[in-house]
Amino acid sequence: RHITPEKFYVEACDDGADDVLAIDRVSTEVTLTVKKDVPPSAVTRSIYGILGTIRLVAGNYLIVITKKKKVGECFNHAVWKATDFDILSYKKTMLHLTDIQLQDNKAFLAMLSHILNVDGFYFSTTYDLTHTLQRLANTSPEFQEMSLLERADPRFVWNGHLLREFAAQPEIHRFALPVMHGFIAMHSCSINGKYFDWLLISRRSCFRAGVRYYVRGIDSEGHAANFVETEQIVHYNGSKASFVQTRGSIPFFWSQRPNLKYKPKPQISKVVNHMDGFQRHFDSQIISYGKQMIVNLVNQKGSEKPLEQTFAKMVNSLGNGMVRYIAFDFHKECSRMRWDRLQLLMDQLSEQQDEFSYFLVDSDGKVVTQQDGIFRSNCMDCLDRTNVIQSLLARRSLQAQLQRLGVLHVGQRIEEQAEFEKIYKNAWADNANACAKQYAGTGALKTDYTTGKRTQWGLIMDGWNSLIRYYKNNFSDGFRQDAIDLFLGNYSVDEVESVSPLHIQKDWKFLALPIIMVVAFSMCIICLLMAGDTWTETLAYVLFWGTASFGTLAIIFYNGKDFVDAPKLVQKEKMD
């Protein structure tokens, strides 16, 4: 990357490449040029890819990848994790901005930095990470000729909005790098002295993306919140096997706004036609994956019960033979650490899993079997419970694949292969943590089960993560949601916007009530420590200030929605 006062130059460093991308910092025009046109006075630094461009209050910014870490190789193609980025301003000075505009620009830059600091951006310059093996095998020769940006699945290209200007100019496509968000693990493994590659790829959808409590259910297009496609791949002696699963929020219109309560009550919308979005969701899922087996893991009592009942009713109303439904109350069945009861669910799903099969292509490139359907798992967040079930389904598929490929002998079980079992469980736990951090803001719960068995220490760690989730979901998720909306283009910065949405005034309650509560509580403690002349006098003071502090706390909780950190850029109520 070369910088001059007039232009950014991005030079391709492949052997024999002479192409240089020139970006005019004034007109924002993007053109192709050659190495000899780069002025010797330019400030130069190595970069590993262009993430894209974005317009903020101060004008355009170029985002580039400055550090990368090799994850491994996927069929001899290097796969990288982007670990550091630079955000470069086209403008050389900020003198054209007012103080308020400077403040807004700083806030938007902080949002971009926040998103880029969330772990999990992956790319390859030679391999299409956004498609499953089965999708790649069912493509035309024309598709193979396309650039990575053109052929990528738009659901999983997180910098699609940032690359929109590049997408409009086919001649510069090779400088535009599609980047996916999620998780990738790649391991070279050995069982019975036979070496094979084992890969786990989770692709997060950028449609209806967001944070836990502000983005639930589906949108009018049928895109589900927290939708993740997870593919497990085995590569042995030239043969490739793949098993794909999905997770996604319960696909109708519902919300669960944070309101200071530990678990806000889910609200099912009463004013929209749920079936439209529901049908759109499953129509697109059937086109992408074939038959659907819904595995609903929510509680069948309490606040989650209406969601389970509505989901079951809607699948019946849909009347589509391609969509089947099973409900399993995970918390009830596995209460008091009875994890062996998960086998009940696996037994119910085994026949369906055998029918769906998996994708297998032999060393000659001939497709042996196709995966005909998919398990679509969900709980409330589609994180902790979902991950446990997905790891069990994936292991069952892997057992069949390794036996068919001749890696496992007849009668051998994956569970007995101690070295591989450790790799397998740790990778699935890392996958759970990555998905949870990206959606809920903390590591996953129940990963001790994924990595081995449920433990008391695991319960303590779950409690700690739940506390951090509570804090983040109530007091920092508005900022996180705004950052995602800005990055994905759900909100575009308007230079001539008279009133910035970042400057929403809080009413008097927001400042006054917490101050009153702290003062009243402090006075209550002081009265306890500095006793009055008589115990009745002390008791009267303590009761007065105690009542005042608890009364104020009750008012704060009653108006909980006014005290949480809510998104400012896109009105989520309108989206629901």
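Scope of the values below: all heavy atoms of this structure, side chains included, with no hydrogens, waters or symmetry mates.
Between Phe420 and Tyr424, the two ring planes are tilted [angle within 30° to 60°]. Using cut-offs of 30° and 60° for the angle between ring planes, the Phe123 and Trp80 rings count as parallel. Using the six-membered ring where Trp is involved, Phe227 and Phe156 have ring planes that are parallel, under 30° apart on the 30 and 60° scheme. Using a 30° and 60° split on the angle between ring planes, Phe121 and Phe85 fall in the perpendicular class, above 60°.
Within 6.0 Å of atom CZ in Phe75, more than 12 heavy atoms from other residues, nucleotides or ligands are found, so the atom counts as buried in its surroundings. Applying the 6.0 Å contact sphere to CD of Glu145 captures no more than 12 heavy atoms from other residues, nucleotides or ligands. Residue Phe475 places its CZ atom among more than 12 non-hydrogen atoms of other residues, nucleotides or ligands, all under 6.0 Å distant. Residue-environment remark: NZ (Lys35) exceeds the threshold of 12 foreign heavy atoms within 6.0 Å. In this structure, Gln144 places its CD atom where more than 12 heavy-atom neighbours from other residues, nucleotides or ligands lie under 6.0 Å away.
Geometrically, Lys194 does not engage Tyr236 in a cation-pi contact defined by less than 6.0 Å to the ring centre and at most 45° from the axis.
In summary, the aromatic rings of Phe243 and Phe356 are positioned with their centroids too far apart to meet the 6.0 Å limit.
Taking both residues in full, the closest heavy atoms of Arg155 and Ser288 are given as NH1-OG, 4.1 Å, listed atom of the first, atom of the second, then distance.
In this structure, Arg413 does not pair ionically with Glu421, as no charged nitrogen and carboxylate oxygen lie closer than 4.0 Å.
How far OG1 of Thr246 is from CD of Glu231: 12.5 Å, rounded to the nearest 0.5 Å. Distance CG/Asn138 to OG1/Thr132: 8.5 Å, rounded to 0.5 Å.
Results of the side chain to side chain contact (heavy atoms under 4.5 Å, CB included) test with Arg376 over Gln245, Met293, His281 single out His281 as the only residue that passes. The side chain to side chain contact (heavy atoms under 4.5 Å, CB included) test with His173 is passed by exactly one of Leu148, Leu149, Leu163: Leu149.
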Would you check, one step at a time, whether the test salt bridge (charged side-chain N to carboxylate O under 4.0 Å, His left out) holds for Lys81 with Asp119? CA-CA 9 Å; Lys81 180 194 267 192; Asp119 200 29; 3.0 Å; yes
Before giving the answer on salt bridge (charged side-chain N to carboxylate O under 4.0 Å, His left out), spell out for Asp153 and Arg203 the whole-Å C-alpha distance, their side-chain angles and the decisive distance to 0.1 Å. CA-CA 10 Å; Asp153 188 328; Arg203 308 173 177 100; over 6 Å; no
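Defined by atom type and a distance below 3.5 Å, a donor-acceptor pair is missing between the side-chain atoms of Asp482 and Tyr214. Of the N and O atoms on the side chains of Gln390 and Arg247, at least one donor lies less than 3.5 Å from an acceptor on the other residue. A side-chain donor from one of Asn431 and Asn387 sits under 3.5 Å from a side-chain acceptor of the other. Side-chain contact of Gln412 with Asn192: a donor-acceptor pair under 3.5 Å is present, judged by distance alone. No side-chain donor from either of Asp362 and Ser239 sits under 3.5 Å from a side-chain acceptor of the other. Side-chain atoms of Arg204 and Asn226 form a donor-acceptor pair, as typed in the model, at a separation below 3.5 Å.
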